Amino acid sequence: MNLLRPCGLLLVATLARAEVPEPDGRPEATIQDLDVREGGETLEVSFRVDGAFGLDTRERIQSGMPVTFSHRVELLARRAVPIVPSRVLVLAVVDSTVRYDSLTRQYYLSRRIRRDLRGEDEPVVEETSMTTLLSSEAEAWLASVNDLALPAPPPAAREHKLRLKVRTILGRRYHLLIFPATDSVDAERVLGP
Amino acid sequence: MLRARPSARWSVVALVLLLAIFGVYELIAELAEVGPGSGADRLLLPLLSIAVVVMALGLAGVLIRNLVRLIMDRKRGILGARLRTKLVFFFLALVLPPALVLFYGSATVIRMTVDAMLHTPVQGLAQDAQDIVEDWTDFLLARCSRQAEEIAGVIAREGLLRGDRLPDLERRLQESKDAEEVHLIEVDRGGVLLARVGKAESQAGASSGRSGPRKASVPLAEAAASAGRTIARIDYAGDGLLAQAAAPIAFGAVPRATVTVGILLPSDLASRMERITAVGDAYRQVRLQRRDLIRLYLSLIGLIFLVTVFVATWMGFYLSRSITGPIEELARATREISAGNLGIRVRAEVGDEIGRLVASFNQMAEQLQESREAIGRSTAELQASNRALDERRRYIETLVENLSTAVISLDNQGRVATANPATERILGIRPAPGEPAGECLDRPGLGPLRDLVAPAALAGGRGIRRDLVLTRGGTPLSVAAQVTPLRGSGMERMGSLVMVEDVTELVRGQRSAAWREVARRIAHEIKNPLTPIQLAAQRIRKKFQEKATDLPEVLPEATASIEREVDALKRMVDEFSRFARMPEMAAEPVDFGEVVRSVLALYQGQPGIRWEVDAASDAGMVSVDAAQMRRVLINLIDNSIAAMNGRGTIRISAGAPGGPGSLHIEVADTGPGIPPADRDRMFAPYFSTKRRGTGLGLAIVHRVVTDHRGTIRVEENSPQGARFVIDIPA
């Protein structure tokens with residue numbers, strides 16, 4: 001009878017790790033062209049999510065529902081002990097939202113950028129918005145991050161191996177109809193030599 | 001005290017779970033009115049989904065765990081597991097089919113309902129209305145584009161962009177505005193406004209209260225100029241809508257100019273178009289959320305299904321536990337009781353039959369405990385009683401062992417049960433247990449005692465007492481023997497007790513005392529006549545010496561007195577001689593009634609005496625010495641007449657109550673009676689309460705009765721007098 005509890009936990013873990021199929025038959029999303037440029041006291045990060053739009057997402061946009069892609073960009077410093085999680089030096093979260101107005105046939109684009117330099121300053125929040133008549137421009141607004149400026153890591157942190165981790169949350173999906181899961185895509189790049 | 005566990009904890013958990021589900025459902029229903037894209041849609045629905053999944057997994061886990069545990073308990077043969085399994089699977093079988101049907105039916109109904117909701121005629125009308133709005137919008141934009149292109153052509157042909165023609169440009173624009181019924185015409189070149197006709201508030205975004213971005217990515221005129229083609233769009237303008245189109249003007253060098261034409265839609269029309277568009281958007285959103293809705297409802301139904309199954313299982317567990325729990329406690333308590341722990345009790349928390357069973361069990365255990373305590377007390381008392389009885393038995397055995405009287409107990413068959421040491425000391429025998437009494441007493445000199453304990457003699461219901469003369473080693477042995485029947489508590493005969501007391505010394509002492517009394521009496525009786533004789537002789541001598549003249553008269557008188565006293569002496573000596581010469585008993589069968597009648601015939605004519613002879617007296621033929629028995633009756637009757645001074649009633653009866661051959665005689669008078677102090681001495685020789693009695697009459701009676709192995713006793717007669725009772729065995 002004591003085996004029941006471990007078996008139950010194993011079942012839950014298996015379900016949690018189960019591969020979630022791509023919703024709406026869209027191709028597998030990937031992060032492309034992850035580029036980091038060092039410009040003195042800042043890092044400029046650019047990337048693009050390909051395969052992020054399927055029929056379902058486009059229908060959602062055309063129906064007027066706000067659609068948000070959340071891009072989480074982390075600058076990590078690897079610790080000396082391998083099993084210890086890396087230290088987050090810089091964190092930026094870009095929430096890009098598109099809402100279509102079917103009356104004016106315009107896409108309302110908004111973006112909220114929150115930059116967080118861990119352990120030092122308060123998070124910095126920046127918001128922008130605009131309109132466009134082009135759906136391609138709206139999709140690019142959602143799926144692309146261009147020249148996202150991040151504070152450069154302090155010199156002491158550069159002694160560690162740095163890596164940039166990007167995770168884009170495209171929405172949520174359900175596995176076996178009832179198991180909710182986050183629809184996300186990840187990419188990572190090691191900085192420095 | 002053992003206790004059956006209640007499952008109130010599970011009841012609380014189930015109640016909280018149901019309340020949580022109901023609360024979340026109500027919250028979702030409330031927030032669902034906010035609409036798609038709201039906080040309810042973005043946060044609560046995922047949270048609800050996660051909650052449903054977590055609860056479903058938890059319920060399924062608990063359900064599977066309980067079922068597995070149940071099956072394992074059943075395999076291990078735990079008490080109550082079979083009943084629990086039956087009840088749980090009974091409830092599952094009862095609930096599962098309708099729950100599955102309900103689940104499947106609900107899912108189907110939900111799908112059909114959602115589909116029907118998305119395909120109603122109203123939704124078709126809404127879609128048509130939106131299509132009209134879109135067509136109308138397209139029409140307006142096309143019209144603006146066409147007019148913008150026409151005006152751009154006019155401006156280009158007439159060269160109105162030249163510096164000297166600008167006043168003509170504004171006039172021409174006003175003419176076009178009035179002719180085309182547009183609300184706004186602007187001419188722009190390189191971002192510089194060259195001319196405008198129409199109201200400034202007709203511009204896009206002016207005082208718009210709607211949400212959304214406040215600026216376009218690129219201004220319309222600039223976009224048209226850079227694109228080199230006409231671009232049209234519609235924007236919010238105040239409370240209305242502004243449809244506008246910008247067309248490039250093919251004139252001169254870069255930067256190129258553009259003309260923008262705008263048509264303002266009034267607020268009421270704009271509002272209607274906006275509502276129609278909103279309905280269309282809502283319809284599309286609902287259609288997009290169809291799967292989410294179905295998923296949510298199916299999740300809720302699935303959760304309800306799981307809750308139902310869980311509740312059914314839990315009810316099975318609860319009911320079975322409410323039944324088997326007390327039974328398990330009863331079984332455990334039974335094992336405790338069988339192990340000797342009678343203080344065990346089972347706590348009953350239910351008032352049903354199980355509770356009554358538990359109460360009965362507790363009552364039984366209590367009674368068992370009380371019984372055991374009572375048995376313990378009884379055992380202790382019995383042990384104490386046994387010890388007392390044992391001590392008493394040993395005491396009695398010691399008494400019997402140390403008695404100077406021989407005590408022999410016989411069973412109903414006349415076999416020896418016990419015999420004390422005095423038996424050997426007095427009788428010279430040591431009877432063994434089980435030995436017939438007749439055999440162990442069949443020794444020379446013990447014949448009278450053997451006859452006394454013969455089966456016929458023992459058969460009598462009453463005790464027998466005899467003074468016997470036995471012989472031991474050639475020496476006479478006077479004993480007082482008594483045979484007493486032994487009876488149990490129910491008066492059943494258990495045997496006989498033979499007691500033999502050696503009274504040789506006592507008899508010898510009594511005889512010596514009797515002889516002393518005889519000597520004293522003889523001396524006294526002899527002395528009494530001697531005095532008158534001496535006085536008479538002295539008188540004669542005196543008269544003779546005095547030569548008295550009256551000697552002739554005195555002499556005959558004195559000699560007569562001497563003769564009379566001498567006759568008395570002679571008579572007394574004759575009595576002694578007769579007592580001493582009593583003949584040996586010669587028993588022969590006689591009719592005792594005839595003996596009684598012959599004696600009564602001697603007293604016929606006796607004045608003052610009333611005779612009462614018991615008419616029922618019929619002793620029949622008995623073996624006695626008739627002459628001596630006649631003498632016994634005569635002595636007793638003489639004694640009674642003398643006691644009554646010749647006046648009174650004498651009652652005589654004779655019978656055989658002890659069986660044929662036995663004799664029972666009673667002689668009663670109405671005299672003064674005999675004092676109790678004299679009754680023991682009544683039959684001793686020379687004891688008399690009469691002044692002139694010899695004291696030998698009752699001694700002779702006792703001697704005759706004893707020779708017949710009988711007994712005689714004197715009792716107080718009712719209402720007065722004395723009664724002599726004689727018993728002679730057969």
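Computed from a predicted structure; not experimentally measured.
- Within the 4.5 Å cutoff, side-chain heavy atoms of A/S102 are placed close to those of B/T277.
- Atoms OG1 and CG, from B/T137 and A/L103 in turn, are 6.0 Å apart once rounded to the nearest 0.5 Å.
- In this structure, CG in B/L242 is found 12.0 Å from OG1 in A/T104, a value given to the nearest 0.5 Å.
- Taking all atoms of both residues into account, the shortest heavy-atom contact from B/Q285 to A/S63 is NE2-O, 2.8 Å.
- A/Y100 and B/D281 form no side-chain donor-acceptor contact under 3.5 Å, judged by distance and modelled atom types alone.
- Contacts of B/Q130 with chain A are made by side-chain atoms alone, with heavy-atom separations under 4.5 Å and no backbone atom involved.
- If you check the side chains of B/D235 and A/Q106, you find a donor sitting under 3.5 Å from an acceptor.
- Between chain A and the residues B/L141, B/V133, B/I234, the most heavy-atom pairs under 4.5 angstrom are made by B/I234.
- With respect to A/R105 and B/D138, a salt bridge is recorded, a charged nitrogen being found less than 4.0 Å from a carboxylate O.
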